[in-house]
A.B. asks: 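Below are the structure tokens for one structure; questions will follow.
Below, each value reflects all heavy atoms present in this structure, side chains not excepted, and no hydrogens, waters or symmetry copies.
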Amino acid sequence: IFHMSWTHNKDNKLKFFKQMGEWYLNEKCVGKTLGEIVEDGAEATELPLVEPCCLMEPEITCYYSDKPSKTTCNGSPTIDKGGKPFW
């Protein structure tokens with residue numbers, strides 16, 4: 001389990017998780033209830049959200065060039081004033 005207590009808010013945490021390749025939640029499930037994700041009348045299973053919401057591979061998105069990342073994000077802006085590229 002990885003925890004970020006140094007970010008300013010949840011929006012930044014989400015961006016950092018995605019940039020570091022640690023985000024495995026399908027975007028269509030973010031901020032939704034079970035009823036919004038699983039169709040009415042769908043068969044109840046023990047793990048109804050695994051198939052529609054869990055990604056096999058992480059979603060990797062570059063946001064900031066001066067923060068750790070799974071891939072090179074040099075084309076992205078910096079978040080810190082005077083920030084130097086991580087790669």
A.B. asks: With sequence neighbours excluded, what pairs up with Lys18 under the salt bridge (Lys or Arg N to Asp or Glu O under 4.0 Å) test?
C.D. replies: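 Expected list: Glu27, Glu59.
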A.B. asks: Would you say that Leu49 contacts Cys54 through its side chain, given a criterion of any heavy-atom pair below 4.5 Å between the two side chains?
C.D. replies: no
A.B. asks: Do you know the tightest heavy-atom contact between Cys62 and Thr72?
C.D. replies: SG-O, 3.7 Å
A.B. asks: If you measure from CG on Asn26 to NZ on Lys32, what distance do you get to the nearest 0.5 Å?
C.D. replies: 9.5 Å
A.B. asks: Side chain of Gln19, backbone of Tyr63: donor and acceptor closer than 3.5 Å?
C.D. replies: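 Yes; judged by distance alone, with no hydrogens or angles, the pair exists.
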A.B. asks: How many angstroms lie between atom CZ of Phe16 and atom CD1 of Ile79, to the nearest 0.5 angstrom?
C.D. replies: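 Rounded to the nearest 0.5 Å, the CZ-CD1 separation comes to 4.0 Å.
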A.B. asks: Keeping the roles fixed (side chain from Asn74, backbone from Pro85), state whether a donor-acceptor pair exists under 3.5 Å.
C.D. replies: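 A pair under 3.5 Å: no.
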A.B. asks: Which atoms form the tightest heavy-atom contact between Pro58 and Gly21, and what is the distance?
C.D. replies: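 Closest approach of Pro58 to Gly21, heavy atoms only: CB-O, 3.3 Å.
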A.B. asks: Treat each ILVMFWY residue as a node, draw an edge where side-chain heavy atoms are under 4.5 Å apart, and state whether Val30 and Phe17 are in one component.
C.D. replies: yes
A.B. asks: Return the CG to CG distance between Asn9 and Leu14, rounded to the nearest 0.5 Å.
C.D. replies: 10.0 Å
A.B. asks: Within this structure, what is the CG-NZ distance for the pair Asp66 and Lys84, rounded to the nearest 0.5 Å?
C.D. replies: 10.0 Å
A.B. asks: Applying a strict under-4.5 Å side-chain criterion to I, L, V, M, F, W and Y, I'd like to know whether Met20 and Tyr64 cluster together.
C.D. replies: yes
A.B. asks: Just checking Glu36: does its CD atom have more than 12 heavy atoms from other residues, nucleotides or ligands closer to it than 6.0 angstrom?
C.D. replies: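 Atom CD in Glu36 is crowded, with more than 12 foreign heavy atoms closer than 6.0 Å.
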A.B. asks: Considering non-hydrogen atoms only, spot the tightest contact between Cys73 and Ser65 and give its length.
C.D. replies: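 In terms of heavy atoms, the two residues are closest at O-CB, 3.2 Å.
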A.B. asks: Could you go through the side chain to side chain contact (heavy atoms under 4.5 Å, CB included) check for Trp87 and Ser69 one step at a time?
C.D. replies: CA-CA 8 Å; Trp87 288 90; Ser69 56; 2.6 Å; yes
A.B. asks: Rounded to the nearest 0.5 Å, what separation is found between the CD1 atom of Ile37 and the SG atom of Cys53?
C.D. replies: 4.0 Å
A.B. asks: Atom CH2 in Trp23, atom CG in Leu55: separation rounded to 0.5 Å?
C.D. replies: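 Between atom CH2 of Trp23 and atom CG of Leu55 there are 10.0 Å.
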